[in-house]
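One structure is given here, and the rest of the page talks about it.
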Amino acid sequence: MLKDVIALDCINIDLKGKTKSEIIDEMIDILYNNGKLNDKEEFKKEILKRESQSSTGMEDGIAIPHGKTNAVKIPTIAIGISKKGVDYESLDGKPSHLFFMIAAPENSNDAHIELLSKITTLLLEDDIRESVLSAKTKEEVFNILIKNAEKDNENSSLNQQRSINNNSYQVLAVTACPTGIAHTYMAADALIKKAKELNITIKVETNGSSGVKNELTKDEIKNAKAIIVAADKNVAMERFAGKNVDIVGVKEAIKDPERLINNAVNQTAPIYHSNYDDNQTSNKLARKSKTGIYKHLMSGVSNMLPFVVGGGILIAFSFMFGIKASNPDDPSYNFFAKLLSDIGGANAFFLMVPVMAAFIGMSIADRPGFAPSMVGGLISLNSGGGFLGGLIGGFLGGYIVLLLKKIFSKLPESLEGIKPVLLYPLFGIFITGAIMYLFIVEPIAAINAGLSNFLKNLGTGNLILLGALLGAMMSTDMGGPINKAAFTFGIAMISSGQYAPHAAVMAGGMVPPLGIALATTIFKNKFTSDEKDAGKTCYIMGLSFITEGAIPFAASDPIRVIPSCIIGAAVSGALSMAFHIELRAPHGGIFVLPIVNNPIMYLLAIVIGSLITAFILGFIKKPLND
């Protein structure tokens, strides 16, 4: 298997490139000319995409560009040596001389990915690296790597077996890089090797390209001295509450595993505090129902927001030419208004629900959950299920793929490669789609219609109460689950043709940062110079409908700041409803004010709420000299 991924023809000991870009092109040519790639331009896009996240230039003259895409035929490494060295934006700022370009197919299994990364990890050892750099022929390079990789593989297997038999690990670790190809496994290898040298038992969970492997168990976490989280992307952290957790970048685990392991053994890292208490129940499924659903929902909402913001503001701009200016049959028709509406509404905003559903599914079941959930969201959108149906489609697709993973886990290992490209999408899309069409979309469409009619028939008093509730929710946790619940409700109402609730939502979301900004301006003797400077930023954040601008003030003085914000935001939301304000754009703050049906009264509602927050905060906050 080692000889399958290291080919003599893919080794070049005299690269000619003088820049990072030239080296990348030269290495890609090596792979393409030797039949390892289907499409070198597509592969290059993937390589550059990874480089844009962070340079793959390491220390000690090594660079490891890598990509995983269908443009690759078989898992391969291209090896290149530059005698003069090239500036590859390495960690230590020194020229890079040794280049390993990892090419992995989209459907390659973890065994191949780990092997590719294991080979590159060998270069972290000084003697092996120097031997490769001083090699006179590519045959010599090949033999050095094969010999040491086989030796290292035997030692790693023995160490892994020792840890498994021990069944109680002193140190646990999690490694994860953005693409889950090279650095994830290099960091894991570096930690395992160093732990063996120090005679310390360790277990490493890898968050690789095909999901989580070697997952840490509750008992292992409970018994371990400490946890190392070496990650450049989000990993599940709630489970580590109450433990010493050292959180670092993935490259730090590759560079200095000994320090991290010693810190773990000595328990010098800070105690990790989670928003969730994992000790409330020993039932794993019950814990997931409390924390997992919200995490998956937030993954969908956060990835949906760019479509909401970009598409929503483009729609708002189209309305500036007239509410019906995008309709070719209307007398107010304007070509540019239609262009804005087509881009923002017919495309970007149209994708909002399917994208949200897709990322909910991906959060639940990793990449295999993406496609079935996106199809579920699209079915909802096209069948009247709207936003609520999209939520159901996202969760349905994700959990169906989890079920399929369990069912297909009994298949022979030789079929591992076809699961993500054939079995999961085929059965996942079909089952999700069938359930959506047969059982979900009609009842949800009826619920949406009922809710829309209910809001239409609400009296003024009830509308004011609803506006106050939505405004208060937006300022309660300022970007947290309560805030997001209100925002999600407002977006759902826009999708159903009800534009008043989201006007109250946006007004309530703008008040906290604007109210605090006004307070720092009016009551200067009650804020430090740093707070007054931050207050200036809050003006911009508030006007842009970024409620999170108030978080630093709320964190430093929650007892005074949060109630002040809630009261002001509730008043603003209530006034918005009382003034019958309607807002067709889902985001934009002050920038979408011109398309509100009554911009002066809407602005008045926001100003009144902000002043209430400012004066309450100013009166209850003590002067600095007290």
Side-chain angles (χ1 to χ4, degrees), residues 270 273 275 302 305 309 313 467-468 470-484 486-487 503-576 581 583 585 587-594 596 599-626:
H273 297 286
N275 292 328
S302 62
L305 278 178
V309 176
I313 293 177
L470 291 173
M473 289 174 69
M474 287 298 293
S475 62
T476 299
D477 54 358
M478 304 173 192
I482 299 175
N483 171 285
K484 287 295 188 292
F487 181 79
V505 166
M506 188 177 293
M510 293 171 70
V511 163
L514 286 176
I516 289 170
L518 287 169
T520 61
T521 301
I522 299 169
F523 303 97
K524 294 183 178 180
N525 64 324
K526 298 190 176 184
F527 296 91
T528 66
S529 58
D530 287 341
E531 287 175 330
K532 284 182 278 191
D533 287 340
K536 297 173 184 176
T537 305
C538 278
Y539 278 113
I540 300 171
M541 303 281 269
L543 291 172
S544 303
F545 183 37
I546 303 175
T547 316
E548 289 84 348
I551 289 176
F553 291 88
S556 62
D557 191 5
I559 295 176
R560 295 181 178 86
V561 172
I562 294 177
S564 303
C565 291
I566 290 175
I567 294 169
V571 171
S572 186
L575 289 174
S576 176
I581 305 299
L583 177 64
H587 211 286
I590 200 71
F591 304 105
V592 297
L593 196 62
V596 173
I600 294 176
M601 297 305 290
Y602 190 45
L603 184 61
L604 180 63
I606 295 169
V607 169
I608 290 174
S610 301
L611 286 171
I612 288 173
T613 290
F615 279 100
I616 292 176
L617 183 58
F619 285 128
I620 65 177
K621 194 171 178 65
K622 295 181 180 181
L624 292 178
N625 54 6
D626 283 2

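Reckoned from all heavy atoms, side chains included, excluding hydrogens, waters and symmetry mates.
In this structure, Ser610 contributes its side chain and Ile606 its backbone to a donor-acceptor pair below 3.5 Å. A side-chain donor-acceptor contact under 3.5 Å links Ser475 to the backbone of Ala472. Counting only distance, with no hydrogens or angles, the side chain of Thr547 and the backbone of Gly509 share a donor-acceptor pair below 3.5 Å. Between the side chain of Tyr602 and the backbone N or O of Leu583, no donor-acceptor pair lies under 3.5 Å. Within the 3.5 Å criterion, the main-chain N or O of Ala605 finds a donor-acceptor partner in the side chain of Ser572. Side-chain N or O atoms of Ser576 include none that pairs as donor or acceptor with a backbone N or O of Ile581 at under 3.5 Å. A donor-acceptor contact shorter than 3.5 Å links the side chain of Lys526 to the backbone of Gly618.
Here the closest heavy-atom approach between residue Met474 and residue Ala486 is recorded as SD-CB, 3.8 Å. Nearest heavy-atom pair, Leu593 versus Pro599, reported as atom, atom and distance to 0.1 Å: O-CB, 3.5 Å. What you find for Ala614 and Leu518 is that their closest heavy atoms are CB-CB, 3.7 Å. The nearest pair of heavy atoms linking Gly573 to Ala504 is O-CB, 3.7 Å.
Here Tyr539 pairs with Thr521 under the side chain to side chain donor-acceptor pair (under 3.5 Å) rule; sequence neighbours left out.
In this structure, CG in Leu617 is found 10.5 Å from CD1 in Ile522, a value given to the nearest 0.5 Å. Rounding to the nearest 0.5 Å gives a distance of 10.5 Å between SG of Cys538 and CD of Glu531.
Counting heavy atoms from C-beta outward, Leu604 and Leu575 have side chains that stay 4.5 Å or more apart. Proximity of Ile566 to Thr613: side-chain heavy atoms (C-beta onward) are nowhere separated by under 4.5 Å. Residues Ile516 and Cys565 form a side-chain contact, since some pair of their non-hydrogen atoms from C-beta on lies under 4.5 Å apart.
In this structure, Lys621 is not positioned above the aromatic face of Phe523 in the sense of NZ or CZ being under 6.0 Å from the six-membered ring centre and within 45° of the axis.
Between Phe487 and Phe545, the two ring planes are tilted [angle within 30° to 60°].
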